[in-house]
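The structure appears below as structure tokens.
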Amino acid sequence: MSMKATILILGLVWSFHAALGIRFVIDREECFSHKAEYEGDTLHVSFVVIKSDSQWHFNEDGVDLVIHGPAGEQIHDFREQISAKHDFVVQKKGVYRFCFTNKSPYHETIDFDVQLGHFAYYDQHAKDGEGCQIGFVSFGEHFTPLMEQISKLEEALYNIQFEQHWLEAQTDRQAIVNENMSKRAVHKALFESFALIGASVLQVYLLRRLFERKLGMSRV
């Protein structure tokens, strides 16, 4: 394999995608930006509301997410969602903004992931396929099957990585929900036990007072 082919394959592997995965706490509104260098790339977006700042509060209302394009146009919006995934093809290169809004009175922890898929091979193939000849066989024709297979493999690995991150966030959310529910169940059981003990003590006290009064009246 020639040095040019090796460089092209490495370029495909490294430039296939750029990722932004963060976990942050939102009070009212938070915005993030991600730059798309090429038209035709695919932007994958996912988010999960992990937890609230109060273990006694479990928010089912979710948060709002609005996606804006480079010119400020609205591309997509999610309203009152706990978790969501979305992907779209970049029509204009530039900076895309992702703005979250929390309408809950509590702080919410959100897991947010943006990944950009870009196939450098297609750009390079379009440039090299015009005039590059190696022994009467063009470079593009010689390596097209190999590069297509690598592209498919990269796309599959990319999708698995993105899906895995989203599932991990969902698992974290469910674990926190289960833990909070367990704590609430324990606290409720303790409260009911103390209430039952208090009612029993009060009942014994009232019965003793009643018998004492009856005993005093019988002596008279």
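Just so you know, these numbers come straight off a predicted model, no measurement behind them.
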Heavy atoms of P70 and G94 approach each other most closely as CG-CA, 3.9 Å
Please determine, by modelled atom types, if D113 and Q115 share a side-chain donor-acceptor pair under 3.5 angstrom. yes
What pair of heavy atoms forms the shortest contact from S33 to V95, and how long is it? CB-CG1, 3.5 Å
For I26 and N102, the nearest pair of non-hydrogen atoms, with its separation, is O-ND2, 3.6 Å
Locate the shortest heavy-atom distance separating K93 from E39; write the atom from each residue and the value. N-CG, 3.7 Å
Kindly give the heavy-atom pair with the smallest separation between F47 and Q81, and that separation in Å. CE1-O, 3.6 Å
Co-membership, hydrophobic cluster, residues V48 and V25, 4.5 Å side-chain: no
More than 12 non-hydrogen atoms from neighbouring residues, nucleotides or ligands closer than 6.0 Å to CZ on R28, yes or no? yes
Under the salt bridge (Lys or Arg N to Asp or Glu O under 4.0 Å) test, which residues partner D64, sequence neighbours left out? R79, K103
Specify the closest pair of heavy atoms between L116 and K35, including all atoms of both residues, with the distance to one decimal. CD2-O, 3.8 Å
With a 4.5 Å limit on heavy-atom distance, are the side chains of Q74 and I67 in contact? no
Once rounded to the nearest 0.5 Å, what's the spacing between atom OG1 of T109 and atom CD1 of I176? 7.5 Å
Students often mix this up, so state it plainly: with edges at 30° and 60°, are the rings of F88 and Y96 parallel, tilted or perpendicular? tilted
Co-members of F162 in a cluster of I, L, V, M, F, W and Y side chains, linked at under 4.5 Å: none
CG-SG distance between D77 and C99, expressed to the nearest 0.5 angstrom: 12.0 Å
Any heavy-atom pair between the side chains of E30 and F24 that's under 4.5 Å? yes
Measure the shortest side-chain to side-chain distance between V45 and F112 over non-hydrogen atoms and say whether it is less than 4.5 angstrom. yes
With D111 as reference, evaluate R173, R23, Q170 under the side-chain hydrogen bond (donor to acceptor under 3.5 Å, both in side chains) test and give the passing residue. R23
